[in-house]
Amino acid sequence: MKWRGRVYETIKRSVDKGQKLHFTLIDPEKVTDLKELSNTLKKVVDAGTDAILVGGSLQVYMDDVEKVVEIIEELGVPSILFPGSPAGLARNADAILFISLLNSDDPYYIIGAHVVAAPIIKRLGLEVLPTGYIIVGNWSASVSVVGKARPIPHDKPGIGVAYALAAKFLGMKFVYLEAGSGAPQPVPQNFVEKVKKAIDDTILIVGGGIRDAEKALAIINAGADIIVTGTVVEEKLDEAIKIISAIKKR
Ligand code: 1GP
């Protein structure tokens, strides 16, 4: 919990200096071996990942999340919850992406879950990172199905811009363009570019379907401030390390 209260300011300072960041996503539901996870996380931290997100769309339970956070606590980078529901909270995390799934059809994912979780978050003392979360392109992603989202088509970046601007005007500190974990295609570059131009100094996170350094750099060059990768860390750690090194060398 040593990062609590300093996570946003640390990210913002780096972004304002023009640095690009990488977050590693761990889904507690997929963790079977904590020792192995610890080894994996040491490697991504050595490569330069800036924070670890912990969460997933399905079946997370506070105990499982807390075990993952315990491992992160030994590594010197912040742990940031990325919850699919109030069940994804944890007592020991540094911060939480307080994500409103803006293009959901169900108010529960826009504000309902937040009302349930807010008093608990207050009691736990987590640092809150207000985030407008926008699903792009992929109807069959778990996050689209579970979150009852109406994903924005790849060829309609103007709609993405409108959502992202609305998030900014509502005071959200982050806009997160999400293609969905394991998506066949990440969010297209021109989509990222248009959104970043519109929201300017609001921090832009992009994730989903990023599997190699070339794609990651293209998305960074289009204007993303932070890249998130999950699947590639689980399935091809070497490639994940290449992605992180490429972003950090840039
Ligand atoms: C984070 O859900 C993504 O935004 C992670 O996606 O698992 O495809 O890297 P991947």
Side-chain angles (χ1 to χ4, degrees), residues 11 20-31 37 40-41 44 47 49-60 65 68 79-85 88 95-104 109 129 131-147 149 151-152 154 160 163-164 167 172 174-188 191-192 195-196 203-220 222-244 246-247:
I11 296 170
K20 301 295 185 176
L21 309 187
H22 176 272
F23 290 177
T24 297
L25 172 64
I26 299 298
D27 183 346
E29 190 218 343
K30 295 187 187 154
V31 173
L37 177 70
T40 301
L41 289 182
V44 291
T49 201
D50 295 281
I52 317 285
L53 298 183
V54 188
S57 301
L58 292 165
Q59 293 178 30
V60 273
V65 183
V68 173
S79 55
I80 303 175
L81 301 175
F82 181 45
S85 75
I96 177 167
L97 281 188
F98 199 56
I99 44 181
S100 177
L101 204 176
L102 298 175
N103 56 332
S104 174
Y109 294 98
L129 309 174
T131 304
Y133 192 49
I134 303 165
I135 315 294
V136 181
N138 189 4
W139 285 85
S140 61
S142 300
V143 68
S144 305
V145 177
V146 175
I152 300 171
H154 284 174
Y163 270 100
M172 291 170 178
F174 298 84
V175 166
Y176 192 144
L177 296 179
E178 172 69 271
S181 187
Q185 293 298 327
V187 180
F191 202 111
V192 173
V195 166
K196 182 57 185 177
I203 299 170
L204 181 60
I205 309 176
V206 180
I210 301 170
R211 291 189 192 76
D212 59 58
E214 201 185 325
K215 271 273 153 56
L217 284 181
I219 292 169
I220 287 278
D225 298 300
I226 303 172
I227 292 282
V228 180
T229 59
T231 305
V232 75
V233 176
E234 290 157 23
E235 292 178 1
K236 268 183 147 186
L237 185 56
D238 289 356
E239 202 55 53
I241 304 239
K242 281 190 202 153
I243 293 175
I244 300 167
I247 293 172

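First listed ligand is number 1; within each ligand, the first listed atom is number 1.
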Only one of Phe174, Phe82, Tyr109, Phe98 passes ring-ring contact (aromatic ring centres under 6.0 Å, His included) with Tyr133; say which it is.
Phe82
Give, for atom CD1 of Ile243 and atom CZ of Arg211, the distance between the pair rounded to the nearest 0.5 Å.
9.5 Å
Numbered atoms and elements of ligand 1 in range of Ser181, under 4.0 angstrom, heavy atoms
2 (O), 6 (O), 7 (O), 8 (O), 10 (P)
Atoms of ligand 1, numbered as shown, that sit under 4.0 Å from any heavy atom of Gly207:
4 (O)
At a 4.0 Å threshold, what atoms of ligand 1 neighbour a non-hydrogen atom of Tyr176?
1 (C), 4 (O)
Tell me which one of Val228, Ile52, Val232 satisfies side chain to side chain contact (heavy atoms under 4.5 Å, CB included) with Thr24.
Ile52
Counting heavy atoms only, which of Val206, Thr231, Ile243 is nearest atom 7 (O) of ligand 1?
Thr231
Is Ser104 reaching over with its side chain to a backbone N or O of Gly147, donor-acceptor style, under 3.5 angstrom?
yes
CD1 of Ile99 to CD of Glu178: how many Å apart, nearest 0.5 Å?
8.5 Å
Heavy-atom gap Val232 to ligand 1 smaller than 4.0 Å
no
So which heavy atom in the protein is nearest atom 9 (O) of ligand 1, and how far is it from that ligand atom?
Gly230 N, 2.8 Å
d(Ile227 CD1, Ile220 CD1) to nearest 0.5 Å is 4.5 Å
About how many Å separate CD1 of Ile205 and OG1 of Thr131, when rounded to the nearest 0.5 Å?
5.5 Å
What atoms of ligand 1 come closer than 4.0 angstrom to any heavy atom of Gly208?
1 (C), 3 (C), 4 (O), 5 (C), 6 (O), 8 (O)
Polar atom proximity, Leu25 to ligand 1 (N or O, under 3.5 Å)
no
Would you mind listing which atoms of ligand 1 come within a distance below 4.0 Å of any non-hydrogen atom of Gly182?
7 (O), 8 (O), 10 (P)
Distance under 4.0 Å to a non-hydrogen atom of Thr229: what atoms of ligand 1 satisfy this?
9 (O)
